[in-house]
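So the structure is just underneath, and the comments pick up after that.
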Amino acid sequence: MNRKEIVASHRARIGRTVWHYDAVESTNDTAKELLEEDVPEGVVVWADRQVAGRGRHGRAWASPLGGLYFSIVLKPKEPHAHVLGLFMGLPLIKSLRHFGVLAGLKWPNDAMFQERKIAGILSEGVYRRDTYHVIVGIGVNTNLDLEQLPPEVRPKATTLKREVPLFVSHEEFLEYFFKEAELLYSRYTNTPLELMMRDYRGQCITIGRRVSVTTSKGIVVGRGYDLSPQGALVVLDDAGGKHEIADGTVEHLN
Ligand code: BTN
């Protein structure tokens, strides 16, 4: 495993220090290991490939060479792993749009293009040495062919290479993303959650759609209706019942 430190002093926090690896098990796990020492907020772990990339709910995240895999360490005042995972979807889709793919967010934080997933976020809260940290891990299918992904995910996945016939420089993607993520994070620190959630709602393609949501308590079918201030998905079922879902996997039915 090779590691290179990149210091970009034009960046305020996010991406000011980037640890670039050729391969790791999971950038989220490497970021957690860094927390054994006092790292500055905004430090990033970036890897060219992961051998044990992780998705939400214990799923695997295929991470072959050609994709973009990185994790950001944040130190928010509140234990906001879930909402920061939602909000970081905003700079993510902005970056995807900048590179030519008009992506939207399927709740909670899947970046989608034409109902196919192009990027995902795994946000984890961790206490270390009396400080609460959020590790926001982001995987983007950049310069990948669909055939490089596992057969079972191909029907519902896409890649930048497939949608835009241009090679995407990971350095350029990260430069753009870090700038947008810094703006978002500054706004988050100064803005009531309800207002931030309104911005997220505006980009969430699950609102207004007929959905099936698999939760630990069962399946809820209905219409994506709203978001709570804490970022739970509110689903209105066919009998008019409201379900506030804090965590789950959404399928868009129409
Ligand atoms: C999901 O959609 O289920 C979340 C996928 C998150 C993948 C990224 S890749 C970088 C970081 N390291 C990991 O092991 N997972 C996240």
Side-chain angles (χ1 to χ4, degrees), residues 12-17 19 26-45 53-59 61 69-93 105-111 119-139 177-178 180-204 206-207 213-217 226-235 243-250:
R13 282 171 299 191
I14 297 179
R16 191 176 169 92
T17 302
W19 288 103
S26 151
T27 55
N28 271 34
D29 295 345
T30 306
K32 276 182 209 165
E33 287 161 18
L34 290 185
L35 302 185
E36 296 308 328
E37 284 163 36
D38 187 21
V39 291
E41 183 168 46
V43 76
V44 167
V45 173
R54 296 190 286 112
R56 294 176 59 242
H57 298 133
R59 290 186 281 255
W61 182 261
Y69 317 104
F70 63 101
S71 301
I72 310 163
V73 176
L74 299 173
K75 302 183 189 185
K77 289 201 183 79
E78 309 280 336
H80 277 168
H82 176 67
V83 291
L84 280 166
L86 296 180
F87 297 158
M88 281 295 166
L90 297 172
L92 177 60
I93 57 165
L105 290 168
K106 181 169 80 127
W107 185 87
N109 41 27
D110 290 351
I121 299 182
L122 175 66
S123 178
E124 300 179 290
V126 196
Y127 275 100
R128 284 287 185 285
R129 293 172 303 100
D130 294 336
T131 305
Y132 179 74
H133 300 80
V134 174
I135 311 284
V136 182
I138 300 182
F177 175 84
F178 291 154
E180 293 299 330
E182 183 72 41
L183 289 172
L184 179 285
Y185 192 54
S186 299
R187 181 163 151 69
Y188 154 82
T189 49
N190 296 307
T191 311
L193 270 192
E194 292 89 326
L195 288 185
M196 293 295 297
M197 208 53 77
R198 214 180 280 176
D199 292 354
Y200 171 85
R201 192 183 191 282
Q203 303 302 328
C204 181
T206 303
I207 302 301
V213 190
T214 306
T215 74
S216 55
K217 292 188 209 127
D226 205 358
L227 293 155
S228 78
Q230 285 70 39
L233 179 68
V234 182
V235 174
H243 305 255
E244 209 172 287
I245 300 168
D247 194 16
T249 300
V250 169

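All figures in this text were calculated on a predicted structure; none of them were measured in a lab.
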Stepwise side chain to side chain contact (heavy atoms under 4.5 Å, CB included) test for Leu227 and Val234
CA-CA 6 Å; Leu227 293 155; Val234 182; 5.9 Å; no
Rounded distance (nearest 0.5 Å) linking atom CD of Glu78 with atom OG1 of Thr189:
12.0 Å
Is there a side-chain contact between Pro229 and Met197, using heavy atoms and a 4.5 Å cut-off?
no
Approximate separation, where rounding is to 0.5 Å, of Ile207 CD1 and Leu233 CG
5.5 Å
Side chains of Ile14 and Leu74: does their closest heavy-atom pair fall under 4.5 Å?
yes
Please answer whether the main-chain N or O of Lys75 pairs with a side-chain N or O of Glu41 as donor and acceptor at a distance below 3.5 Å.
yes
Walk me through it: do Phe87 and Leu193 pass the test side chain to side chain contact (heavy atoms under 4.5 Å, CB included)?
CA-CA 10 Å; Phe87 297 158; Leu193 270 192; 3.7 Å; yes
Is a side-chain donor or acceptor of Arg129 paired with a backbone partner of Glu37 at a separation under 3.5 angstrom?
yes
Residue pairs, two or more places apart or on separate chains, that pass salt bridge (Lys or Arg N to Asp or Glu O under 4.0 Å) and touch residues 180-192
Arg13-Glu182, Lys94-Glu180, Arg187-Asp199
Separation between CZ of Arg54 and OG1 of Thr27, rounded to the nearest 0.5 Å
9.0 Å
Does any non-hydrogen side-chain atom of Asn109 lie less than 4.5 Å from one of Met88?
no
Taking Tyr127's backbone N and O only, do any of them form a donor-acceptor pair with Thr131's side chain (distance below 3.5 Å, no angle check)?
no
Does Leu84 offer a backbone N or O that forms a donor-acceptor pair with the side chain of Tyr185 under 3.5 Å?
no
Report yes or no: do His82 and Asp247 form a side-chain donor-acceptor pair below 3.5 Å?
no
CD1 of Ile135 to CG of Leu34, rounded to nearest 0.5 Å, is 8.0 Å
Short side-chain to backbone donor-acceptor contact, Ser71 and Ala31, under 3.5 Å
no
If you compare all heavy atoms of Val134 against all heavy atoms of Ser123, which two are closest, and at what distance to 0.1 Å?
CG1-OG, 3.5 Å
Does the side chain of Ile138 reach to within under 4.5 Å of the side chain of Leu92, using non-hydrogen atoms?
yes
Within the 6.0 Å centroid threshold, strictly below: His80 and Tyr188:
yes
From the list Leu86, Leu184, Asn190, side-chain contact (heavy atoms from CB on, under 4.5 Å) partner of Met196 resolves to Leu184
Any donor-acceptor pair under 3.5 Å from Asn28 side chain to Leu122 backbone:
yes
May I ask you to test the Val39-Thr17 pair for a side-chain heavy-atom distance under 4.5 Å?
no
Is the backbone of Gly248 close enough, under 3.5 Å, to the side chain of Arg56 for a donor and an acceptor to pair up by distance?
yes
Would you check, one step at a time, whether the test side chain to side chain contact (heavy atoms under 4.5 Å, CB included) holds for Phe177 with Ile72?
CA-CA 11 Å; Phe177 175 84; Ile72 310 163; 3.7 Å; yes
Using a cut-off of 6.0 Å, state whether more than 12 heavy atoms not belonging to Arg59 lie near its atom CZ.
yes
Taken to the nearest 0.5 Å, the spacing of Asp110 CG from Ile93 CD1 works out to 12.0 Å
Go through the steps to decide whether Gln203 and Leu90 satisfy the test side chain to side chain contact (heavy atoms under 4.5 Å, CB included), and finish with yes or no.
CA-CA 8 Å; Gln203 303 302 328; Leu90 297 172; 3.5 Å; yes
